[in-house]
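The structure appears right after this line, and notes come after that.
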Amino acid sequence: MAFPHDIKKISPTVWELPVHYKEGMLVPARIYATEKLLMAMDEGVFEQVSNVACLPGILKYAFCMPDGHWGYGFPIGGVAAMDPVTGVISPGGIGFDINCGMRLVLTNLTHEEVAPRIHELVDALFNRIPTGVGCKGFIKVSQSEFRDVLEEGSKWCLKKGFARPEDIEVTEEGGCFAGAESSSISDKAIERGIDQIGTLGSGNHYCEIQVAKDVNVFDEIIAKKFGFTVPNQVVVMFHCGSRGFGHQVATDYLKLFLQVMGSKYKINIRDRELACAPFHSKEGQLYFSAMKCAVNMAFANRQVILYRIREVFSRIFSKSPEDLGMDMIYDVAHNTAKLETHIINGATKEILVHRKGSTRAFGPVMEGIPSVYREIGQPVIIGGSMETGSYLLAGLETGAETFYTTAHGSGRTMSRHEAKKNVRGKKLQQDMEARGIYVRTDSWGGLAEEAGSAYKNIDEIAESTELAGLSRRVVKLVPIGNIKG
DNA sequence: ATGTGC
């Protein structure tokens, strides 16, 4: 399959594959990107996003965000809303790492204060936050208590003293998707997840110390409202998900859906990786519940990691986390499906929005945004590579086009395999150190896979979401320290 | 992403 030269330009940042592009498409597919980013996209994106447009019950368009690239079934960067009555739910539209997401935490420290302590700080974070494949957490819970975590998410952390009430307020959905029933979870998933609370994992998961340099502030008023009050202010950003637990949930239900999809529900799909079930079916509802359990496990995971981050800063700087101003700005989920109310063809309707490697970006005054941000729009965290920086943005009214969804990261340009061939982890660490970024890792190969050169330009991604009206830039954050698995 | 694979 080749680059689709008949792709239609809707605007400088929106490109459309019409319904006749491929047999079976129910709606057109739309890709949000500048021409430059579009040309750099792998052909798998066009193949996959047009496959998604064939899924039963899909509404308006199958979307792909500017950081899109080839994924399992859906592209990473994919968005698809289904009619909950006639439509399907698809694990491929959510991802294996259910509720992989980003959390951003303020400090009131300046770059000048942190720079002399950066080695000590990063080493302490590396020691206190378990990283790498198969890493285990410090929290021991019984099976029944783990089931509470799955059903309560961040609220469980609040009960146990790992969270502040304000943390919950600035976590998407209050850190808990309602309706998670742990009866939908296999014993194997419980077994894999039970000792993984408070662990970072591997791959592109990381915890980073960043600086909001004054020259990188795009919108001073919003930046101030988000809590940026100190020159060259230091923040902590981290990225992780539901670990082996979410992976097992996805595996379990993909298997079940493949068994019932054709025989019981007579659904024909173009790609086995798009395995799905009617949303209202028994299997669809079981998966929806299990997915929520994984979402909640990931919220709890990030909350416990935050608890450890606060501990480390407190020890290194000999002040309480409160005195260090370690308030959360926000926590966004990347890989979820959620029932939300949107306007479809002029009518208000509850729809099932799949977001896979994409970020919810509610505009100002919408319900579901914490009251402190109600007038500004939802904070959006776009994580770049560990070399190049990340962005804090805010949702916009014009995001309605994509069901209020924007990009989530840089997007790979090089496969993990290719990156490992081209980059040496140890050398990369030394090069980064020379540029003022101190990085600790569990795996040199893993570090090489995450090299900045393996990713698209984050500045172009962030700018393109703004040009498209999906989110506006508030501040660019550059790394000075990073731990990764 | 993942006790990195049937």
Side-chain angles (χ1 to χ4, degrees), chain A residues 44 48 67-78 90-103 129-137 146 185-207 238-255 258-259 272-273 275 290-291 293-295 297-299 301-302 305 332-337 354-359 383 385-386 408-412 414-421 425 441-451 454-455 483-485:
Chain A
Q48 292 189 318
D67 52 338
H69 57 102
W70 183 87
Y72 182 91
F74 279 56
I76 317 280
S90 174
I94 293 156
F96 274 84
D97 190 5
I98 298 165
N99 189 9
C100 161
M102 309 283 318
R103 187 172 283 217
I129 301 168
T131 57
V133 181
C135 62
K136 292 183 170 151
F146 187 62
I185 299 299
S186 69
D187 290 344
K188 197 171 179 185
I190 300 264
E191 190 191 311
R192 284 184 70 174
I194 197 161
D195 53 9
Q196 294 185 318
I197 304 167
T199 63
L200 199 59
S202 65
N204 64 357
H205 290 166
Y206 62 82
C207 172
F238 61 102
H239 178 221
C240 64
S242 50
R243 308 280 286 104
F245 178 77
H247 193 275
Q248 191 60 46
V249 167
T251 305
D252 289 342
Y253 281 93
L254 278 167
K255 191 178 160 204
L258 282 169
Q259 285 163 9
R272 274 171 59 88
E273 293 184 359
M291 181 214 73
C293 287
V295 163
M297 191 277 181
F299 280 138
N301 188 25
R302 292 198 285 277
I305 289 175
V332 288
H334 288 160
N335 292 3
T336 65
H354 294 72
R355 294 190 180 92
K356 196 257 189 82
S358 54
T359 310
S385 84
M386 60 190 178
H408 85 307
S410 274
R412 295 196 81 90
M414 222 185 262
S415 70
R416 294 186 171 280
H417 184 74
E418 209 180 331
K420 232 188 313 209
K421 252 182 5 198
T441 179
D442 191 63
S443 148
W444 293 121
L447 189 72
E449 288 178 358
E450 295 305 314
Y455 281 91
I483 69 167
K484 68 165 303 302

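The figures that follow rest on heavy atoms only: side chains count, while hydrogens, waters and symmetry mates do not. Throughout, protein chains are lettered first and strands after them, A, B, ... in sequence-line order, and every chain is numbered starting at 1.
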Using a cut-off of 4.0 Å on non-hydrogen atoms, how would the nucleic acid contact of Q196(A) be classed: base, sugar-phosphate, or nothing?
-> sugar-phosphate
Indicate, with a heavy-atom threshold strictly under 4.0 Å, whether K188(A) touches base, sugar-phosphate, or nothing.
-> base
Would you jot down, in residue-number order, the residues of residues 240-250 of chain A having a non-hydrogen atom under 4.0 Å from DNA chain B?
-> R243(A), G244(A), H247(A)
Measure from [atom1] on [X] to [atom2] on [N] and round the result to the nearest Å.
X       : N      : atom1 : atom2 : answer
D442(A) : dT2(B) : CG    : P     : 12 Å
L254(A) : dT2(B) : CG    : C1'   : 13 Å
N99(A)  : dT2(B) : CG    : C1'   : 16 Å
H417(A) : dT4(B) : NE2   : P     : 18 Å
L258(A) : dC6(B) : CG    : P     : 14 Å
N301(A) : dT2(B) : CG    : P     : 10 Å
Y72(A)  : dG5(B) : OH    : P     : 14 Å
L200(A) : dT2(B) : CG    : C1'   : 14 Å

Closest-nucleotide 5' rank along DNA chain B - winner of F96(A) and V133(A) | F96(A)
Supply the atom-to-atom distance [X] [atom1] to [Y] [atom2], rounded to the nearest 0.5 angstrom.
X       : Y       : atom1 : atom2 : value
S358(A) : N335(A) : OG    : CG    : 8.0 Å
H205(A) : D97(A)  : NE2   : CG    : 4.5 Å
Q196(A) : M297(A) : CD    : CE    : 5.5 Å
L200(A) : R302(A) : CG    : CZ    : 11.0 Å

Mind checking whether Y72(A) and F96(A) have parallel, tilted or perpendicular rings, split at 30° and 60°?
-> perpendicular
For T251(A) and dT2(B), is the shortest distance between a side-chain N/O and OP1 or OP2 below 4.0 Å?
-> no
Report the residue from R355(A), K356(A), H239(A) that forms a side-chain contact (heavy atoms from CB on, under 4.5 Å) with H334(A).
-> H239(A)
With side chain to side chain contact (heavy atoms under 4.5 Å, CB included) as the test, would you mind laying out the steps for C207(A) and I305(A) before giving the verdict?
-> CA-CA 9 Å; C207(A) 172; I305(A) 289 175; 5.6 Å; no
